Chemist: 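So that we are looking at the same thing, I have put the structure below in structure tokens.
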Amino acid sequence: MPTQISAPSSTPLLFSDDLFSGLNGPQRQAVFHEGGPLLVLAGAGSGKTRVLTHRVAWLIRQREIDPGSILAVTFTNKAAGEMKERISALVGEGGRSVWVGTFHSIGARLLRRESLRLGIARDFSIFDRDDQISAIRRILADMNISPKETPPESVVAAISRAKNALQSPDEFEQEALSYDRQIAAIYRAYQASLRRQSALDFDDLLVLPVELFRDEEVRRRYAGKFKHVLVDEYQDTNRCQYSFLHAVTQDHRQLFVVGDDDQSIYRWRGADLSNILDFESDHPDASLIRLEQNYRSTGRILAAANSVIRHNVGRKGKELWTDRGEGDPVVLFEVPDDQMEAMAVLRMVKAGVEEGRISPDDCVVLYRTNAQSRALENAFQLGGIQYQVVGGQRFYERREIKDVLAYLRVLVNPGDDVALRRILNVPARGIGKKTLEDLEAFAKATGITLLEAVRRAGVGSADLGRGNIRAKLAELGALIDRATASAPARPVAELTEEILEEIGYRDHLEKEFEREATTRWDNVAELLNAMQEFAETEGRVDATASAFVQEVSLTTDIDEYDEHSERVTLMTLHNAKGLEFPWVFLTGLEEGLFPHANSAYEKEGLEEERRLFYVGLTRAQERVTLFTATVRRRYGGMQHSMPSRFLDEIDPDLLERRAILPEGRPARSSGAGWGQEWRGRSVRTSYGSEEVDDHPRYEEETQDAALAAGMRVLHPSWGEGIIETLEGRGENLKLTIRFRGGVKKKVLAVYAKLELLG
DNA sequence: CGCAAGTACCTTTTT
DNA sequence: GGTACTTGCG
């Protein structure tokens with residue numbers, strides 16, 4: 001910082017020039033905006049994070065707003081952490097008291113403060129999807145509903161949808177059709193179950209604050225507290241979050257939102273694009289500022305992205321531009337299969353690293369579904385390139401981690417039956433189905449928690465379990481009681497180590513998992529590590545089991561992503577939102593996969609897939625490489641596909657098409673050789689407007705290749721559908737077809753009188 | 001009750 | 001190609 005003058009705060013202009021001099025016109029306009037609600041329509045790479053942080057800095061420095069009365073909402077905890085850092089870098093330590101977090105973490109924080117009023121335990125548990133499903137399963141069993149006909153997953157989805165629409169079980173029932181009557185009943189029972197367990201699910205963290213604000217006194221209090229509200233990724237907010245923001249800002253109208261309608265990718269989770277599209281009509285005194293200068297990507301990449309997104313209707317409309325120069329064209333490789341795809345990525349990364357042009361952590365490989373990481377991981381392992389996978393099997397969802405956390409959850413919240421059920425027989429205590437049923441029946445009949453039932457059975461006051469089992473239950477009860485008593489006063493790491501020791505968890509892993517035991521124990525060690533770190537940031541006294549469990553319940557994969565890892569990053573397109581990389585590899589551009597078959601029917605679904613593709617392209621600074629494979633392993637079988645329609649939407653002048661032809665067909669067993677050399681050969685097939693695209697789109701490997709995943713077909717009785725998978729060949733060729741309305745059917749190709757469409 | 005073997009379904013994306 | 005659930009035996 002060049003400023004040597006120790007400027008008194010009465011001459012804030014000096015600061016302002018200093019702090020804000022790097023901003024361009026529209027950015028300054030946004031940062032210095034005075035007046036009512038503002039929508040900053042910020043294109044990819046247009047510096048929206050800078051705008052947000054500088055806006056906060058400006059509020060504090062220039063307008064002398066108390067940092068504690070500013071609320072900034074981000075999309076991930078990681079983004080929240082970074083924003084906090086940047087704010088305090090701009091305004092000093094005072095910036096730490098700005099409320100920064102995700103809607104979920106802010107909701108949780110608020111609900112803890114108001115737990116008394118809400119009549120919930122301060123140390124409520126937060127149920128993730130697994131916990132929800134587990135709770136629903138119990139309820140289905142109770143209600144004698146077959147989980148086959150009413151899958152818990154879809155019940156969870158229905159309840160989530162209802163909650164986000166702010167519908168209570170009663171309201172849900174009123175609008176319900178006959179099938180949904182049952183769902184309404186399950187919903188009601190589920191709510192009761194949550195309450196009994198002092199548990200909230202993710203949706204509650206959003207919904208309950210809104211309900212809390214129906215009390216005008218409470219609403220006013222928070223509207224008075226949060227005098228300025230800023231929201232990032234506004235395009236992915238849902239109706240409930242909209243209500244939250246409205247409740248807090250309707251009095252003072254200091255709402256500052258940043259978003260990009262072209263990057264809205266969470267419609268399936270309830271995100272409501274109309275929040276951003278209708279922002280101006282919703283707020284009569286609103287202003288709009290567009291940030292269209294992109295500082296990230298080279299010209300051709302940006303132009304390619306623009307040419308794709310132009311195919312969407314129903315957007316605010318904006319055209320990104322850059323002064324970075326043209327750069328390289330986007331390259332598309334057509335490869336025989338997913339293994340070749342992985343090898344090609346590997347080879348390009350390796351070449352880039354060897355030539356000193358790039359470091360592995362400058363590269364990201366993006367895909368539509370988590371399952372696609374496998375082939376890539378295999379290739380990278382063989383090729384000796386370090387990588388990190390973000391997402392997929394998430395750390396905090398691993399079995400051993402959830403087991404250990406379940407012990408803590410029970411200590412923190414003795415009403416958490418879902419957690420207790422999980423650990424009742426882990427390690428094995430001879431408590432099987434029968435004992436569990438007895439315990440639950442007893443608990444229900446007596447109106448006590450499952451834990452209390454365990455205690456009573458242990459001391460023999462509940463008439464269940466034989467001697468041996470009673471002894472085991474007594475032991476477990478005593479362990480939990482002892483740990484509960486000491487938990488509030490000790491660091492969580494120490495407590496956990498003691499519990500693990502006492503239950504012999506390591507031996508349990510050895511016994512249960514044999515070969516895998518080491519990995520799993522390593523994960524547990526990593527968890528203990530995380531607890532130590534937690535103690536370092538929070539301070540020993542505050543690093544209790546309760547605090548840790550709360551924190552961890554809201555931790556996500558992207559929060560764990562490390563940008564200085566020296567490793568190539570592998571992740572889904574969804575996880576890539578907000579990130580940037582010099583080199584981007586976009587894989588699996590095939591019909592049925594991307595756009596995904598489940599989304600390809602509805603216009604809205606397809607447009608969201610297209611936005612996802614747009615997000616992928618705009619992550620890149622210098623180089624985008626696209627891949628489409630003819631054959632892909634899926635569900636253990638082979639699947640033929642056609643190239644993604646999105647490829648045809650890229651302006652052909654900006655796309656260089658190449659094919660990788662296997663020289664002969666490489667023997668399947670030749671995998672070991674791939675690390676050293678590339679056996680295939682790459683030919684340019686088409687570039688620019690000279691259309692030389694004469695090689696086949698997919699190889700005629702078998703006669704069945706006339707049919708491929710992603711093809712549209714007409715079935716005499718089921719109507720129009722899209723082929724999703726193919727198994728078997730010849731007479732035995734079986735197709736999985738998804739028909740309109742999402743109905744999936746398996747048919748034998750020889751019998752189904754299918755007609756090919758388009 | 002634990003365990004081994006068999007099965008069904010899975011894969012969209014996640015706070 | 002994997003998991004999570006079911007079934008049947010000891």
Side-chain angles (χ1 to χ4, degrees), chain A residues 73-80 101-108 126-130 132-134 137 147-148 151-153 156-157 160 163-164 200-206 233 236-238 240-241 264-271 366-375 378 390-394 396-397 399 425 427-436 465-466 468-469 472 511-512 553-559 571-577 588 592-600 605 608-609 611-613 615-616 632-639 724-725 736 738 742 744 746:
Chain A
V73 187
T74 59
F75 199 70
T76 63
N77 292 302
K78 184 180 157 69
T102 62
F103 274 108
H104 289 88
S105 68
I106 286 163
I126 297 172
F127 278 10
D128 67 11
R129 210 184 112 91
D130 280 357
Q132 284 182 288
I133 287 173
S134 160
R137 272 216 179 91
K148 285 246 161 64
E153 293 80 10
V156 166
S160 176
K163 284 193 175 181
N164 277 300
L200 304 179
D201 62 25
F202 279 136
D203 298 319
D204 289 331
L205 300 180
L206 307 178
E233 308 282 8
D236 281 320
T237 52
N238 63 27
C240 180
Q241 292 162 338
S264 171
I265 55 176
Y266 286 97
R267 192 181 78 102
W268 51 275
R269 203 173 78 188
L366 301 176
Y367 37 78
R368 178 65 177 82
T369 67
N370 283 305
Q372 288 166 254
S373 74
R374 176 154 298 117
N378 286 341
V390 177
Q393 173 58 284
R394 302 182 237 309
Y396 286 107
E397 282 169 21
R399 180 125 66 115
N425 204 32
R429 300 187 172 89
I431 301 163
K433 207 176 156 194
K434 184 73 174 68
T435 313
L436 175 61
R466 280 161 308 196
N468 190 30
I469 289 177
K472 291 282 192 186
K511 193 161 154 269
E512 201 75 2
S553 303
L554 296 171
T555 301
T556 67
D557 339 304
I558 196 66
D559 300 335
M571 65 175 132
T572 61
L573 287 144
H574 282 89
N575 269 322
K577 189 169 81 160
L593 185 62
F594 192 17
H596 199 276
N598 294 5
S599 308
E608 178 141 311
E609 297 283 313
R611 290 193 292 267
L612 203 48
F613 185 44
V615 166
R632 184 171 293 277
R633 277 169 195 282
R634 221 177 162 184
Y635 312 114
M638 289 294 210
Q639 180 186 305
E724 218 164 72
T725 58
T736 311
R738 179 173 286 266
K744 244 195 252 186
K746 275 195 181 178

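Please read these numbers as outputs of a predicted model, since none were measured by experiment. The sequence lines fix the lettering, A, B, ..., with proteins before strands; numbering per chain opens at 1.
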Chemist: Whole angstrom is fine here: how far is it from CZ in A:R374 over to C1' in C:dG2?
Modeler: 7 Å
Chemist: Tell me: CG of A:L366 to P of B:dT13, nearest whole Å?
Modeler: 14 Å
Chemist: Side chain of A:N598 only, please: which of B:dT15, B:dT11, B:dT13 is the nearest?
Modeler: B:dT11
Chemist: So, A:R632 side chain and A:Q639 main chain: donor-acceptor pair closer than 3.5 Å or not?
Modeler: no
Chemist: Are the side chain of A:H104 and the backbone of A:L205 linked by a donor-acceptor contact shorter than 3.5 Å?
Modeler: no
Chemist: Tell me if the centroids of the rings in A:W268 and A:H596 come within less than 6.0 Å of each other.
Modeler: no
Chemist: On the 0 to 90° scale, with breaks at 30° and 60°, tag the A:Y266-A:F75 ring pair as parallel, tilted or perpendicular.
Modeler: tilted
Chemist: Does the aromatic ring of A:W268 sit over the six-membered base ring of B:dT13, closer than 5.5 Å centre to centre and tilted less than 30°?
Modeler: yes
Chemist: Where the side chain of A:N164 meets the backbone of A:S160, is there a donor-acceptor pair that is under 3.5 Å apart?
Modeler: yes
Chemist: Any base atoms under 4.0 Å from A:Y266, or only sugar-phosphate, or nothing? Heavy atoms, all strands.
Modeler: sugar-phosphate
Chemist: Quickly, which of A:T76, A:T572, A:D236 forms a side-chain contact (heavy atoms from CB on, under 4.5 Å) with A:K577? Name it, please.
Modeler: A:D236
Chemist: Name all stems that contain residues of DNA chain C, defined as runs of 3 or more consecutive Watson-Crick or G-U wobble pairs, both distances under 3.5 Å.
Modeler: B:1-9 with C:2-10
Chemist: Grab the CD-C1' distance between A:E609 and B:dT13 for me, whole Å please.
Modeler: 8 Å
Chemist: Whole-Å distance between B:dT11 P and A:H574 NE2?
Modeler: 15 Å
Chemist: For the pair made of NE2 in A:H104 and C1' in B:dT14, what is the distance, rounded to whole Å?
Modeler: 9 Å
Chemist: Counting just side-chain N and O atoms, does A:S599 come under 4.0 Å of either OP1 or OP2 of B:dT13?
Modeler: no
Chemist: All N/O contacts under 3.5 Å from nucleotides 5-7 of chain C to the protein, with atom names and distances to one decimal?
Modeler:
{"from": "C:dC5", "atom 1": "OP1", "to": "A:R137", "atom 2": "NH1", "distance (Å)": "2.8"}
{"from": "C:dC5", "atom 1": "OP1", "to": "A:R137", "atom 2": "NH2", "distance (Å)": "3.2"}

Chemist: Using a 4.0 Å heavy-atom cut-off, does A:D128 contact any base of the nucleic acid, only the sugar-phosphate backbone, or nothing at all?
Modeler: nothing
Chemist: Indicate yes or no: at least one non-hydrogen side-chain atom of A:L554 is less than 4.5 angstrom from one of A:F202.
Modeler: yes
Chemist: Determine whether a donor-acceptor pair (N or O, by modelled atom type, separation under 3.5 Å) exists between the side chain of A:N378 and the backbone of A:A375.
Modeler: no
Chemist: Is there a donor-acceptor contact under 3.5 Å from the side chain of A:N238 to the main chain of A:Q241?
Modeler: yes
Chemist: Counting heavy atoms from C-beta on, name the nucleotide in C:dG1, B:dG2, B:dT11 closest to the side chain of A:A428.
Modeler: B:dG2
Chemist: Hey, which sits more toward the 5' end of DNA chain B by its nearest nucleotide, A:A371 or A:R269?
Modeler: A:A371
Chemist: To the nearest Å, how far apart are A:K78 NZ and B:dT14 C1'?
Modeler: 17 Å
Chemist: Mind checking A:S105 for me? I need base, sugar-phosphate or nothing, with any heavy atom below 4.0 Å counting as a touch.
Modeler: nothing
Chemist: Can you tell me how far P in B:dT13 sits from the matching atom in C:dA4, rounded to whole Å?
Modeler: 15 Å
Chemist: Counting distance only, does the side-chain N/O of A:E609 pair as donor-acceptor with the main-chain N or O of A:F594 below 3.5 Å?
Modeler: no
Chemist: Can you tell me which nucleotide in C:dG1, B:dT14, B:dT13 comes closest to the side chain of A:N575?
Modeler: B:dT14
Chemist: Please identify each residue that fulfils side chain to side chain donor-acceptor pair (under 3.5 Å) with A:Q372, with sequence neighbours left out.
Modeler: A:T369
Chemist: Think A:N425 has a side-chain N or O under 4.0 angstrom from the OP1 or OP2 of B:dG2?
Modeler: yes
Chemist: Taking only side-chain N and O atoms of A:N370, does any of them lie within less than 4.0 angstrom of OP1 or OP2 on B:dT14?
Modeler: yes
Chemist: Between C1' on B:dC10 and CZ on A:R633, what's the gap in Å once rounded to a whole number?
Modeler: 18 Å
Chemist: Given that A:L436 and A:R129 both sit by DNA chain B, which one's nearest nucleotide is further toward the 5' end?
Modeler: A:L436
Chemist: To the nearest Å, how far apart are A:D130 CG and B:dT15 P?
Modeler: 14 Å
